[in-house]
Amino acid sequence: MTRILFIQPDGSEQTVDADPGQSVMQAAIGAMVPGIVADCGGACTCATCHGYVDEAWVGRVPPPGSDETEMIDAGCFDVQATSRLTCQIRVTAEMDGLVIRLPPTPPSA
Ligand code: FES
């Protein structure tokens, strides 16, 4: 089991257990993390699973592909250098303790 910490814009925290192989988005949806909507179900076409990878984890999470980067630019509010679509981050055992921060503007979907 891999633990992922989600931090809301107001500072509230929620730790979620994730299984290696599932996406960070799937773990968030399973635990009903506010702010992760995942309208497209993980197809990288909705941008409603936006989160920021904590600075301490940026180099330890595989970088986004071009499809993800384009969708972030086209569909996300409050984009930062650490913005990711959480459906595109595959959980591994090495990600135990991963920290994802939720953006201040919730998805509209
Ligand atoms: Fe739609 Fe991630 S769930 S882009």
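Starting from 1, each residue takes its place in the sequence as its number. In listed order, ligands and their atoms are each counted from 1.
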Asks: How long is the gap from CD on Glu55 to CZ on Arg101, to the nearest 0.5 Å?
Replies: 9.0 Å

Asks: I need the Arg84 CZ to Met71 CE distance, nearest 0.5 Å.
Replies: 14.5 Å

Asks: Please round to the nearest 0.5 Å and tell me the distance separating atom CD of Glu70 and atom CG of Leu85.
Replies: 11.5 Å

Asks: How about Met32: does its CE atom have over 12 heavy atoms from other parts shown lying under 6.0 Å from it?
Replies: no

Asks: Is there a donor in the side chain of His50 and an acceptor in the side chain of Thr86, or the other way round, less than 3.5 Å apart?
Replies: no

Asks: Less than 2.8 Å away from atom 1 (Fe) of ligand 1, how many protein N/O/S atoms can be counted, ignoring water?
Replies: 2

Asks: In Å and rounded to the nearest 0.5 Å, what is the OG1 to CG distance from Thr15 to Leu5?
Replies: 4.5 Å

